[in-house]
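Values below: every heavy atom of this structure, side chains too, minus hydrogens, waters and symmetry copies. Chain identifiers are assigned alphabetically (A, B, ...) following the order of the sequence lines, protein sequences preceding nucleic acid strands; residue numbering begins at 1 within each chain. Remember, predicted model here, so these are calculated numbers, not experimental data.
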Amino acid sequence: MLDIRLVREKTDEVKRLLAQRRAGDEKKIDELLELDAERRRLLGEVEQLKALRNRVSKEIGLLMKEKRLEEAEDKKSQTRETGKKISEIDAQVAGIEDRRNDLLLNIPNTPHSSVPDGADESDNVTVREWGEKPVFEFEPKIHIDLCESLGLVDFARGAKLAGSGFPLYTGAGARLERALIQFMLDIHTSEHGYHEVQPPFMVNRDCMTGVGQFPKFVDQAYVVQEGEDTETFGKLCMIPTAEAPVANIHRDEILSENELPKYYCAYSPCFRAEAGAAGVGTRGLIRTHQFDKVELIKLVPPENSYDELESMVANAETILQRLGLHYRILHLCTGDMGFASAKTYDIEVWAPGQGQYLEVSSCSNCEDYQARRMNIRYKTGSGEKVLPHILNGSGTALARLFVALIESYQRSDGSVGVPQVLQSYMKTDLIGVS
RNA sequence: GGAGAGGUGGCUGAGCGGUUUAAAGCGACGGUUUGCUAAACCGUUGUAGGGCUAAUACCCCUACCGGGGGUUCGAAUCCCCCCCUCUCCGCCA
């Protein structure tokens, strides 16, 4: 969330930046500041009363000790009134804080000054491209056909098991999925310095709130309960990304400066309800309710977080380069960025069968927006407590990568070549009709 | 799921209704002493919110002893609910 002090002191600047997102959030600022002012006014009032009560209570204690019971009783009955007032005002403050926090949690991050101003995805800026679209001497098939003919994914049976959007990977398809996961984890851990973790695949609400998924995007999550026990409903959610657990690893902690930067990478399945999303219900692997992903998370000092963002994107690019897949990097405009992000690059990989670029990675610097929600700080040498900047990036998402890969490496006879870097994982250089 | 034990500052650990503004020890930091190190001695040592300010300096106030409620003039301390850890039993991959 935003720093309430910054909102107080640089109100116009914050409004201007929020307006760039084209989401109307700047209108919430005035209401936020009204609540903030009222809260402080009431706090001043109630804290004075509490100071009074503390003083008098101490006096009562002394009177009791000296057996001056009548005087003590007098003071007790007086203070009873003070106590009533205190609980009244406390309740008001709590109500105001609830509303203030609710507003604060629903206001997105402000964009970094380098972010191109724009309304939607059509205003995103292509930063660079790598490789070239492969040329085929035949009409390349779409992944759905390849999956069917090669027995890589059984969409129909997946749908039988859990519904559409839950692919059942089979045979070489399952193996390819596993190979990609392992390949990516190996590179990030052994070459890029990330510390591998395997997080819980369900998290509590605090984690979801910490990364900015909740309260605003609660509809996108699968929320679970234990059996028929409705009491437990809503305590846990299936993770929409490993970012949810991994970014929260140090929630409510004060790290020491020399522990930074922290680099984490994690494989996890990702579960998304995709309520209301365009393209839900389309066949294939482009948009599913469950997909695999290798996620990268960094906690870094604010000074160099933007360098860290560039290197994180480069880490994700390495994967695509080793796989020999053509891709492009987009700098998302202000209107297309995620809720918590101050600056985001998307990586889109070319899928020749689809004839389109597919987003396989989104790398964001959330600056201190999440750290403030999660209450993560670190102590500098001079003893100052600072919110680290938190970055997250896909390195990369599967499913779409799987699509791009088999569509790019397909051959005229209907088989799919295995890129060299995956051959040791796949134990073969060719996926043929089984 | 059942039975029991427990959760107090960076750590150990006392306190179980009012000189606790959370004892004491350890650690850490600063200083004195010292040829150097060690030791000894002295001092400092949490977090958040609010007020005052140019100040994220000082000072003042409030809250915080796993979390949330309650009783009371007053709660680390008493009561209720929840969470977590440990030991044993049950069930289970």
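Comparing rC41(B) with rU53(B), their P atoms sit 45 Å apart, to the nearest whole Å. Spacing of P atoms, rC73(B) relative to rC29(B), comes out at 48 Å, to the nearest Å. A gap of 42 Å separates the P atoms of rA76(B) and rG90(B), to the nearest Å. Atom name C1', nucleotides rU44(B) and rG49(B): the rounded distance is 24 Å, in whole Å.
As a whole-Å value, the separation of L62(A) CG from rC73(B) C1' is 13 Å.
Between K65(A) and K75(A), the residue whose closest nucleotide on RNA chain B is further toward the 5' end is K65(A).
Interatomic distance, CG of L2(A) versus CG of L32(A), reported as 8.5 Å (0.5 Å rounding).
The phosphate of rC73(B) (OP1 or OP2) has a side-chain N or O of R80(A) nearer than 4.0 angstrom. Side-chain nitrogen and oxygen atoms of N54(A) include at least one within less than 4.0 Å of the OP1 or OP2 phosphate oxygen of rU62(B).
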Please write out the pairs of protein N or O atoms and N or O atoms of nucleotides 45-49 of chain B separated by less than 3.5 Å, giving the distance to one decimal.
| from | atom 1 | to | atom 2 | distance (Å) |
| --- | --- | --- | --- | --- |
| rU47(B) | OP1 | K385(A) | NZ | 2.1 |
| rU47(B) | O3' | R377(A) | NH1 | 3.0 |
| rA48(B) | OP1 | R377(A) | NH1 | 2.4 |
| rG49(B) | O2' | R39(A) | NH2 | 2.8 |
| rG49(B) | N2 | E47(A) | OE1 | 2.9 |
| rG49(B) | N2 | E47(A) | OE2 | 3.3 |

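Within 4.0 Å of T79(A), counting heavy atoms only, lie sugar-phosphate atoms of the nucleic acid but no base atom.
In the model, S305(A) has no side-chain atom that pairs as donor or acceptor with a side-chain atom of E308(A) under 3.5 Å.
Secondary structure note: stems in RNA chain B built from 3 or more consecutive Watson-Crick or G-U wobble pairs under 3.5 Å occupy B:1-7 with B:83-89, B:10-12 with B:24-26, B:27-32 with B:40-45, B:46-51 with B:59-64, B:66-70 with B:78-82.
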